[in-house]
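The block underneath contains the structure these notes are about, expressed in structure tokens.
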Amino acid sequence: MKERRGRIALLSEHASPLALLGGEDAGGQNVYVAELSRHLAACGYAVDVFTRRTGLSQPEVVNWRDGVRVIHLMAGPPLPLAKDALWPLMGDFRAALLRFIACEGSRYDVLHGNFWMAGLVAVDLQRWLSAPAVQVFHALGTTKRRHQPEHDTSPTVRIPLEREIVRRAACLIAQCPDERQELIEDYGADPERIVLIPSGVDIELFRPWPQSEARRRLGLPHEEALIVYVGRLLPRKDVRTVVRAVAALVHDYGYGREYPPLRLLVVGGETTEPDPQATPEIGILQQLAIELGVAEYVIFTGRRQPALLPLFYSAADVAVTTPWYEPFGLTPLEAMACARPVVASAVGGLTYTVANGETGLLVPPREPALLAARLHELLAAPHRRQRMGEAARRRVERRFTWRLTALRTAALYETLREARLGGTRADAGSSSQLAASYDTLLAGEVQTLWPW
């Protein structure tokens, strides 16, 4: 076995890299854990991903990739549970993690917490295990409460414990500038202990296909104007606004009369066939489309796994995503990697990934008339769409690959390792030194691959 650069424990209580994507609790965090661990292993690290066991058939240890193990910890019944129901099980999760480490005699250089529950375990154990805790929240409780208070089912302890994690973690990862600002303003985080490391996209999987070939493979007409939404189907993703915009395009702009026929593909849900029982939002969207007289223009495909998604993006003329809020958002990056312009809400991470007017267009959330106008701008301008799509692919290649995410994260790990070996505590008292060391290490790591 080749010698590894170091050993990392990635803690992710509800989001396993082995899970099927597209369900209510299986989305961006699963992708982050899977891709980061895979690329950290390529950088030379040994990575153990600790997640909760959700089935009796799951082995305790899965050798998932060269250098990556997925370890299923027994915390509560071995059944799938909604993530908001897991907080009472975190004591069991912590105890099972300690038992596994004790049995193996493992030593970790970094404990990398994902989401607030696993993050609390990471900060609790950093002194016991003599390893600094790095935290990425993926979503913040204050932001969720601000934007959808009536739908917030988080435990009442979430926000106070997030503040505790912010106070105690050696370093915080923000995935976009908006999240960094929220950590500072809502949680009192030390700005110099926050490192900006955006998530990425697999640019080998997500690549452009010829549109005619993609449509042929999916059995779609070649002459239609095609809009695609890919993602989870939840109220906060607000596909309802997209359906209302489609109605405006048909009734007010004349798609199907003055302009080519229009189709909206909605890709996502809990099942591979669109099922309103399993995914209630599908039923709501179907009824809305009927009421607006556009049911024939809105097609639900059900859940599709990543290998097929490039075909859906490439078949489309425009990708759309209009959430009320979005901590980061991976699907716009996937569309951009497939050389498609994105029309997106001007919220959260989308204002960072989508370059307005260059790789797509940003619109205020919950504004269907304005969304329809922006979609029409692009649908009626094929040369502009092509230019934007080409610029989108370039932007992803230069800024948002998982390889770059892993290099940045590795530079952070090495910064914390140097601080520890040098006897520097990874706390607020050494934040300036940590920030300066990270910048220096990152420049060296990235310059070897990206001389720009």
Side-chain angles (χ1 to χ4, degrees), residues 1-13 33 36-37 40-41 43-51 60-61 67-71 73 75 90-137 161-173 189-190 192-195 197 406 408-438 440-442 445:
M1 178 183 293
K2 63 183 178 181
E3 185 175 347
R4 288 282 173 178
R5 187 174 179 179
R7 182 172 289 277
I8 310 301
L10 274 178
L11 280 58
S12 178
E13 78 290 322
V33 172
L36 180 62
S37 60
L40 284 173
C43 290
Y45 291 93
V47 182
D48 285 343
V49 178
F50 291 94
T51 191
E60 182 182 30
V61 178
V68 182
R69 300 188 302 175
V70 178
I71 297 152
L73 300 177
M90 285 301 99
D92 292 345
F93 187 91
R94 180 180 183 272
L97 173 60
L98 284 173
R99 281 195 299 272
F100 180 88
I101 292 173
C103 288
E104 280 218 336
S106 303
R107 294 186 62 86
Y108 293 98
D109 296 284
V110 174
L111 306 174
H112 189 142
N114 291 267
F115 203 54
W116 67 275
M117 287 181 274
L120 190 67
V121 175
V123 297
D124 271 352
L125 295 182
Q126 61 182 340
R127 292 194 182 278
W128 284 40
L129 301 178
S130 299
V134 171
Q135 173 67 13
V136 56
F137 281 102
L161 291 178
E162 285 178 334
R163 291 197 174 98
E164 182 74 4
I165 295 165
V166 166
R167 184 181 68 83
R168 295 169 59 190
C171 195
L172 305 170
I173 293 175
D190 177 354
E192 293 186 328
R193 289 168 62 200
I194 305 172
V195 175
I197 304 179
R408 288 169 165 160
T409 306
L412 173 59
Y413 293 165
E414 295 307 307
T415 300
L416 294 170
R417 192 211 298 263
E418 287 191 1
R420 187 176 60 173
L421 292 176
T424 305
R425 285 182 58 201
D427 58 16
S430 60
S431 59
S432 296
Q433 180 179 343
L434 286 171
S437 299
Y438 171 76
T440 301
L441 272 172
L442 177 60
E445 291 269 13

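Only a predicted model underlies this, so the values are computations on that prediction, with no experimental measurement involved. Residue numbers run from 1 in the order of the sequence given.
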Approximate separation, where rounding is to 0.5 Å, of [X] [atom1] and [Y] [atom2]:
X: Ile71; Y: Ser106; atom1: CD1; atom2: OG; value: 7.5 Å
X: Glu192; Y: Cys171; atom1: CD; atom2: SG; value: 11.0 Å
X: Ile173; Y: Ile197; atom1: CD1; atom2: CD1; value: 4.0 Å
X: Asp190; Y: Leu172; atom1: CG; atom2: CG; value: 9.0 Å
X: Leu161; Y: Met90; atom1: CG; atom2: CE; value: 12.0 Å
X: Arg163; Y: Arg167; atom1: CZ; atom2: CZ; value: 13.0 Å

Qualifying residue for side chain to side chain contact (heavy atoms under 4.5 Å, CB included) with His112, from Leu412, Leu36, Val33, Leu11 |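 Looking at Leu412, Leu36, Val33, Leu11, the match for His112 under the side chain to side chain contact (heavy atoms under 4.5 Å, CB included) is Leu36.
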Under 3.5 Å: donor-acceptor pair, side chain of [X], backbone of [Y]:
X: Gln135; Y: Phe115; result: yes
X: Glu13; Y: Thr51; result: no
X: Ser37; Y: Val47; result: no
X: Asp109; Y: Arg7; result: yes

For Tyr45 and Val110, run side-chain contact (heavy atoms from CB on, under 4.5 Å): C-alpha distance rounded to whole Å, both residues' side-chain angles, the deciding distance at 0.1 Å, then the answer.
-> CA-CA 11 Å; Tyr45 291 93; Val110 174; over 6 Å; no
Could you pull out the closest heavy-atom pair between [X] and [Y], with the gap in Å?
X: Ser130; Y: Arg107; value: CB-NH2, 4.5 Å
X: Arg5; Y: Ala410; value: NH1-CB, 4.3 Å
X: Gly119; Y: Ile165; value: C-CD1, 3.8 Å
X: Val68; Y: Ala41; value: CG2-CB, 3.7 Å
X: Leu111; Y: Ala122; value: CD1-O, 3.6 Å

Can I get a per-line list of side-chain donor-acceptor pairs under 3.5 Å for residues 91-100, giving both atom names and the distance, sequence neighbours left out?
none

Are Glu104 and Arg69 close enough for a salt bridge, meaning some N to O gap below 4.0 Å?
-> yes
Is Arg168 salt-bridged to Asp124, going by a charged N under 4.0 Å from an acidic O?
-> yes
Would Asp48 and Tyr108 count as having a side-chain donor-acceptor pair, cut-off 3.5 Å?
-> yes
Steps toward side-chain contact (heavy atoms from CB on, under 4.5 Å) verdict (Val121, Phe50) = CA-CA 11 Å; Val121 175; Phe50 291 94; over 6 Å; no
